[in-house]
There are 2 protein chains.
Amino acid sequence: MTSEQSFEPEADRVARIVREQIIEGERAPGDRLVERDLATELGVSRVPVREALRMLVAEGLVTPRPRTWAVVRTFTDADVDDLIEVRSAIETLTFRLAAERRSPERLTELEAVLDREAQAARAQDPTAAHRAGADFHELVAATAASPLLDEIGAITASRLRWLLGQHLDLQEMVDEHLGLLGAIRAGDGQEAARLAVEHLRTSRDAARRLRAEQAASRH
Amino acid sequence: MTSEQSFEPEADRVARIVREQIIEGERAPGDRLVERDLATELGVSRVPVREALRMLVAEGLVTPRPRTWAVVRTFTDADVDDLIEVRSAIETLTFRLAAERRSPERLTELEAVLDREAQAARAQDPTAAHRAGADFHELVAATAASPLLDEIGAITASRLRWLLGQHLDLQEMVDEHLGLLGAIRAGDGQEAARLAVEHLRTSRDAARRLRAEQAASRH
DNA sequence: TGATCGCAAATGGTATACCGTTTGACGATC
DNA sequence: GATCGTCAAACGGTATACCATTTGCGATCA
């Protein structure tokens with residue numbers, strides 16, 4: 001079942017690499033993204049790089065500047081609030097649907113992912129923990145079984161990952177995810193939705209604290 | 001202030017043209033979209049066509065088939081339901097924010113658009129009416145002043161326009177839009193959200209009827 | 001000293017050419 | 001007559017080349 005003929009166009013590969021670099025902070029907001037340079041750096045021609053940049057623009061990770069170099073997006077506080085507000089509306093629906101449409105198999109998978117997250121949190125490995133956290137959300141989205149919600153989730157997810165990519169309380173994150181899983185397991189859509197919004201509020205506050213710190217340290 | 005140096009890359013122009021063709025039904029679901037043919041047809045090279053197709057894929061109007069021609073997307077009934085459900089969540093937030101953030105100037109603009117729509121409806125001009133309807137929703141989205149909501153709205157909007165592009169009761173649409181405007185004017189976010197969901201339900205039912213008719217006429 | 005103008009380099013936009021895979025029809029085989 | 005193999009054409013993926021605009025710095029002048 002893993003055959004899948006995984007043919008990955010260069011454009012997708014380039015997008016994936018650059019996306020990861022942005023989320024991991026390797027490329028900071030405001031950094032130039034020059035097509036020729038990226039092409040040389042990644043050993044491909046400009047065409048796939050162009051397409052990759054278009055994708056990242058669509059994801060909102062890159063700001064295009066017609067006829068000139070694009071830059072890694074700089075988020076304002078308003079952008080952050082906006083992201084959280086929209087994401088709340090989306091997550092509410094996602095978790096409600098997930099709670100309604102869960103299956104025993106999926107619950108097992110979700111538990112496994114959270115185990116991985118908890119382990120990473122105990123090991124003080126933020127990168128691994130966040131990756132597992134992202135996987136959790138992705139799996140929940142899959143459980144909601146709404147293709148459109150998936151799409152929209154993907155767009156907002158990379159921004160959210162970028163936003164929360166640094167620290168914040170890992171154990172708290174794990175606890176909240178466990179709570180969400182509980183509500184899904186119980187099939188309680190209402191409770192799942194409530195916890196989801198609460199979870200985002202926690203994330204927003206953490207992001208605000210982080211940004212305040214960063215702003216302070218820059219002066 | 002209108003100088004704006006409107007430079008429109010060919011890719012955007014191509015995307016706009018093909019999008020309109022799909023929405024207007026000129027290109028039917030399942031139709032092949034061959035890069036070389038489109039390039040020849042529109043008098044450009046394949047590169048901008050490629051980029052345009054990528055955009056339309058991102059909008060969900062086109063289904064890509066790696067290494068082969070793309071096709072105009074075929075929507076299933078499940079896709080339609082999914083679209084309406086997600087759109088409900090989004091519109092709820094959009095209209096709530098719009099009601100909170102409206103300005104007198106914006107209200108005037110909204111009234112003007114609805115006048116245009118009502119006039120088109122009276123003149124039995126579905127195309128113009130739907131375009132005005134789309135403008136109304138776009139303007140409301142602008143009023144919500146949420147960039148992210150705008151983005152997501154744009155993705156779902158073209159699908160919705162395609163879905164509702166044919167007929168359905170024009171006068172009913174105008175009436176519902178008027179009701180929404182009233183709630184926005186009153187600054188009643190809750191009521192606006194409620195009407196928005198109701199409005200979508202009407203649209204969904206109309207779309208279902210339409211699809212049922214079409215399915216019936218095909219056999 | 002500081003602002004302005006101009007020009008070369010940088011950079012994105014597009015066209016063209018080539019390559020490998022997929023398609024689909026034709027013909028051989030059972 | 002149906003099925004399968006084969007092969008040329010179709011098609012998307014990528015590289016390269018060229019053009020128009022933007023950038024940014026250095027020369028020039030107030």
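Treat the numbers as computed from the prediction; the structure is a model and nothing was measured. Letters A, B, ... are given to chains in the order of the sequence lines, protein chains preceding strands, and every chain is numbered from 1.
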Participant: For DNA chain C, determine which residues of residues 26-33 of chain B have any heavy atom closer than 4.0 angstrom to one of its atoms, and list them numerically.
Facilitator: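 Hits under 4.0 Å, by residue number: B:R32.
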Participant: Under 3.5 Å, is there a donor-acceptor pair between the B:T156 and B:R87 side chains?
Facilitator: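 There is such a pair between these side chains.
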Participant: Students often get this wrong, so: under 4.0 angstrom with heavy atoms, is B:V47 touching a base, only sugar-phosphate, or nothing?
Facilitator: base
Participant: Separation of B:E35 atom CD from C:dT14 atom C1', in whole Å?
Facilitator: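 It works out to 14 Å between those atoms.
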Participant: In whole angstroms, how far is the C1' atom of D:dG13 from the CD atom of B:E51?
Facilitator: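 Nearest whole value for this atom pair: 14 Å.
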Participant: Measure the CE-CZ distance between A:M55 and A:R19 for me, rounded to the nearest 0.5 Å.
Facilitator: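 It is 8.0 Å, given to the nearest 0.5 Å.
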Participant: Looking at A:R131 and A:E20, is there a salt bridge between them, counting it only when a charged N and a carboxylate O are closer than 4.0 Å?
Facilitator: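 Looking at A:R131 together with A:E20, the answer is yes, because their closest N to O distance falls below 4.0 Å.
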Participant: Can you see whether A:R102 engages A:T143 through a side-chain donor-acceptor pair at a distance of less than 3.5 angstrom?
Facilitator: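 Per modelled atom types, A:R102 and A:T143 side chains form no pair under 3.5 Å.
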Participant: Please give, in whole Å, the distance from D:dT14 P to A:E10 CD?
Facilitator: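 Distance check: A:E10 CD to D:dT14 P gives 5 Å.
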Participant: Can a salt bridge be assigned to the pair A:R209 and A:E213 using a cut-off of 4.0 Å between side-chain N and carboxylate O?
Facilitator: no
Participant: Output the rounded distance in Å from CH2 (B:W69) to P (D:dG12).
Facilitator: 10 Å
Participant: Looking at B:E35, B:E51, B:E10, B:E41, which one forms a salt bridge (Lys or Arg N to Asp or Glu O under 4.0 Å) with B:R46?
Facilitator: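 Only one of B:E35, B:E51, B:E10, B:E41 forms a salt bridge (Lys or Arg N to Asp or Glu O under 4.0 Å) with B:R46, namely B:E35.
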Participant: Under 4.0 Å between a side-chain nitrogen and a carboxylate oxygen: does that hold for B:D135 and B:R116?
Facilitator: yes
Participant: Testing the basics here: between A:A15 and A:L56, what is the closest heavy-atom pair and its distance to 0.1 Å?
Facilitator: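 It is O-CD2, 3.9 Å.
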Participant: Verify whether one side chain among B:T76 and B:D79 offers a donor that lies under 3.5 Å from an acceptor in the other.
Facilitator: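 On atom types as modelled, these side chains qualify, holding a pair under 3.5 Å.
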Participant: All N/O contacts under 3.5 Å from nucleotides 18-21 of chain C to the protein, with atom names and distances to one decimal?
Facilitator:
{"unit_1": "C:dC18", "atom_1": "N4", "unit_2": "B:R36", "atom_2": "NH2", "d": "3.4"}
{"unit_1": "C:dT21", "atom_1": "O3'", "unit_2": "B:R67", "atom_2": "NE", "d": "3.4"}

Participant: If you find the nucleotide of DNA chain D closest to A:S45 and the one closest to A:R65, which residue's nucleotide is nearer the 5' end?
Facilitator: A:S45
Participant: Mind calculating the distance between CZ (B:R54) and P (D:dG12) to the nearest angstrom?
Facilitator: 12 Å
Participant: Are B:T68 and C:dT23 close enough that a side-chain N or O sits under 4.0 Å from OP1 or OP2?
Facilitator: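 B:T68 to C:dT23 OP1/OP2: side-chain N or O found under 4.0 Å.
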